[in-house]
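Take a look at the structure below.
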2 protein chains.
Amino acid sequence: MVFAGQGDPRRSLSLLWRADAPPPTRGGPGPRPRLSVDAIVAAAVALADEEGMGSLSMRAVGDRLGRTAMALYTYVPGKSELLDLMYDAVHAELPGHEPDSGDWRAALTAWAGEVLEFYVRHPWVLQVSQARPVLGPHEYAGLDTLVTLLRATGLEAGVLRRLVGTLFPFVRGSAQAVADARLAAAATGSSDEEWWAARSAALLELVPDFAERFPAVSGLEAEGPAEPYPGEGTEGAEPVPYPEREARETFRVGLGVLLDGIEAARVGRT
Amino acid sequence: MVFAGQGDPRRSLSLLWRADAPPPTRGGPGPRPRLSVDAIVAAAVALADEEGMGSLSMRAVGDRLGRTAMALYTYVPGKSELLDLMYDAVHAELPGHEPDSGDWRAALTAWAGEVLEFYVRHPWVLQVSQARPVLGPHEYAGLDTLVTLLRATGLEAGVLRRLVGTLFPFVRGSAQAVADARLAAAATGSSDEEWWAARSAALLELVPDFAERFPAVSGLEAEGPAEPYPGEGTEGAEPVPYPEREARETFRVGLGVLLDGIEAARVGRT
DNA sequence: GGACGTTACTTTACGCCGTAAGGAGTCGCA
DNA sequence: TGCGACTCCTTACGGCGTAAAGTAACGTCC
């Protein structure tokens with residue numbers, strides 16, 4: 001868990017929306033700056049992508065730029081604000097508006113899939129606390145896209161606003177599951193079916209009466225084993241390990257349920 | 001953001017399931033222990049509840065028990081494992097099985113509400129990474145309850161498994177939103193409608209062309225203002241501030257959509 | 001009953017972290 | 001030619017998790 005999100009909101013806002021003084025045209029006094037906010041944010045994002053949030057430190061970012069940690073403080077007020085900037089910067093990758101296809105369901109499905117991949121690409125984003133929503137331009141743009149897509153359902157604004165608050169966390173949660181599955185696979189090395197097998201074996205050793213204590217869970221696991229996964233690129237592509245496949249399937253089913261629910265709301269109130 | 005969840009799985013597991021050596025009946029050699037795993041976990045949970053995850057440190061927990069940080073290491077391998085123990089300990093508060101009422105929808109609604117309140121009571125739980133699922137007895141019990149409730153829908157095991165993976169994150173996400181709203185309210189002091197007003201005012205100052213850049217979001221905000229909130233206890237109870245009310249309403253609507261989706265799945269496949 | 005081994009807990013220390021304070025060098029402009 | 005603004009560095013402080021080693025309390029066995 002990483003906290004973050006406690007920087008000065010005003011300072012963060014003006015940095016996020018690039019409302020600072022424009023870069024002086026002919027250079028002011030003092031040595032020419034060899035760094036920039038953008039360069040720092042890019043380095044920090046690369047670091048977080050590669051090594052995870054746990055390795056993100058001011059010293060590490062400085063190292064990556066051939067500079068000391070303190071050099072960053074010329075450009076950025078502190079680590080919290082840097083995190084805000086990183087957060088918004090990657091959100092530029094969120095899907096944008098497409099021409100209205102007329103099929104809101106297909107559009108939302110495609111949107112959710114792309115957002116899922118975005119989070120999986122930058123799993124550290126999921127660890128940035130939402131506590132203080134310093135919304136930057138790119139996250140707002142992503143929000144705007146979703147709202148536009150939802151408009152096509154014809155539902156009223158009140159419900160729409162709540163659907164936004166449901167869909168984004170849903171995709172975040174699904175992405176978390178996928179990212180966690182990858183992390184577990186990388187940590188154990190045994191990135192295959194045996195992962196789950198090993199875990200439940202250890203548990204059964206420690207808790208012999210597991211099945212009696214948790215009958216519903218046990219029954220569920222016993223009943224429906226893994227179905228074949230209809231993934232794209234069955235040839236050549238490396239196989240998706242079991243837990244991740246499971247997480248992605250959960251995403252697919254959950255999204256289907258949500259969209260069915262939206263459909264029901266449309267029918268009920270039209 | 002707090003990371004956690006990197007302790008030795010085997011050690012965590014045996015601690016979680018209390019598979020350690022039973023407490024010696026007549027005391028062994030050495031001074032009598034004046035602490036215990038349970039006491040440490042309880043102190044740590046109390047600390048996290050009161051001061052938040054950011055204030056949770058080995059030294060702080062030790063202080064609370066009148067002991068040094070290092071004293072804890074006699075009972076607990078490290079901070080990660082302590083976090084695992086805390087995590088499972090609070091999950092004892094999750095709702096348990098109720099006699100089957102025959103109305104799966106009402107039962108699931110009640111369940112979701114109780115789980116939401118649980119997370120709101122212990123918001124730090126939401127910051128514990130799910131990356132390495134060291135499932136303890138109490139979380140398993142909570143899982144078992146949900147599975148039992150879902151069984152009543154009559155859906156097949158495969159779908160059921162995915163619904164579990166959808167519902168839990170949904171409630172977590174909703175709770176996160178409520179907790180964040182409270183945090184923001186506490187931080188700004190202005191815990192009322194003006195919170196949002198102040199934020200959008202600052203934004204409009206920095207970004208005058210906001211409405212043109214994000215037409216859909218702007219339109220949404222303009223259209224549906226806050227509806228009256230049909231909360232229980234309109235008399236006497238302190239008023240729920242606006243952002244939290246909004247978060248709770250999102251939870252209500254989102255849950256409704258999900259349950260509608262489940263309903264549709266039932267009808268479609270029966 | 002006294003020595004011994006085991007155990008609970010403390011003290012000290014190391015290497016991280018974010019960042020405050022102050023100094024060194026570089027440049028535009030008067 | 002300085003002056004002042006500016007970037008970047010070094011040093012330092014108080015926090016963190018925890019390794020290592022020391023101290024004191026206790027049950028057990030000679």
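In what follows, chains carry the letters A, B, and so on, assigned in the order in which the sequence lines appear, proteins first and then strands, with residues in each chain numbered from 1. Just so it is clear, the model here is predicted, and its values are computed rather than measured.
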Looking for any heavy atom pair under 4.0 Å, which part of the strands does A:Ala71 touch: base, sugar-phosphate only, or nothing?
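Sugar-phosphate, no base atom in range.
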Hey, does the side-chain of B:Arg59 have a donor or acceptor N/O within less than 3.5 Å of a partner on the base of D:dG15?
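Such a pair does not exist between side chain and base.
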Is the distance between the ring centroids of A:Phe118 and A:His91 under 6.0 Å?
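Between A:Phe118 and A:His91, the centre distance is under 6.0 Å.
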Would A:Phe170 and A:Trp111 count as a close aromatic pair, with their ring centres under 6.0 Å?
no
Which atom pairs link the protein and nucleotides 1-8 of chain C when you take only N or O atoms and keep those under 3.5 Å?
unit_1 : atom_1 : unit_2  : atom_2 : d
C:dT6  : O2     : B:Gly30 : N      : 3.3

Using whole Å, what does the distance between atom [atom2] of nucleotide [N] and atom [atom1] of [X] come to?
X	N	atom1	atom2	result
B:Met70	C:dA13	CE	P	14 Å
A:Lys79	C:dA20	NZ	P	15 Å
B:Asp63	D:dG15	CG	P	11 Å
B:Met53	D:dG17	CE	C1'	15 Å
A:Met58	D:dC8	CE	P	14 Å

For A:Tyr73 and for B:Leu72, locate the closest nucleotide of DNA chain C by heavy-atom distance; then report the residue assigned to the nucleotide nearer the 5' terminus.
B:Leu72
Is A:Thr68 close enough to D:dC8 that one of its side-chain N or O atoms is under 4.0 Å from OP1 or OP2 there?
no
Given B:Met86, which of B:Val61, B:Val128, B:Val125, B:Leu56 fulfils the side chain to side chain contact (heavy atoms under 4.5 Å, CB included) condition?
B:Leu56
If we check side chain to side chain donor-acceptor pair (under 3.5 Å) with A:Tyr87, which of these qualifies: A:His122, A:Glu139, A:His138?
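Single pass found, and it is A:Glu139.
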Between A:Arg248 and A:Glu244, does any side-chain N to carboxylate O distance fall below 4.0 Å?
yes
Worked verdict on A:Leu82 versus A:Asp84 for side chain to side chain contact (heavy atoms under 4.5 Å, CB included):
CA-CA 5 Å; A:Leu82 173 56; A:Asp84 287 339; over 6 Å; no
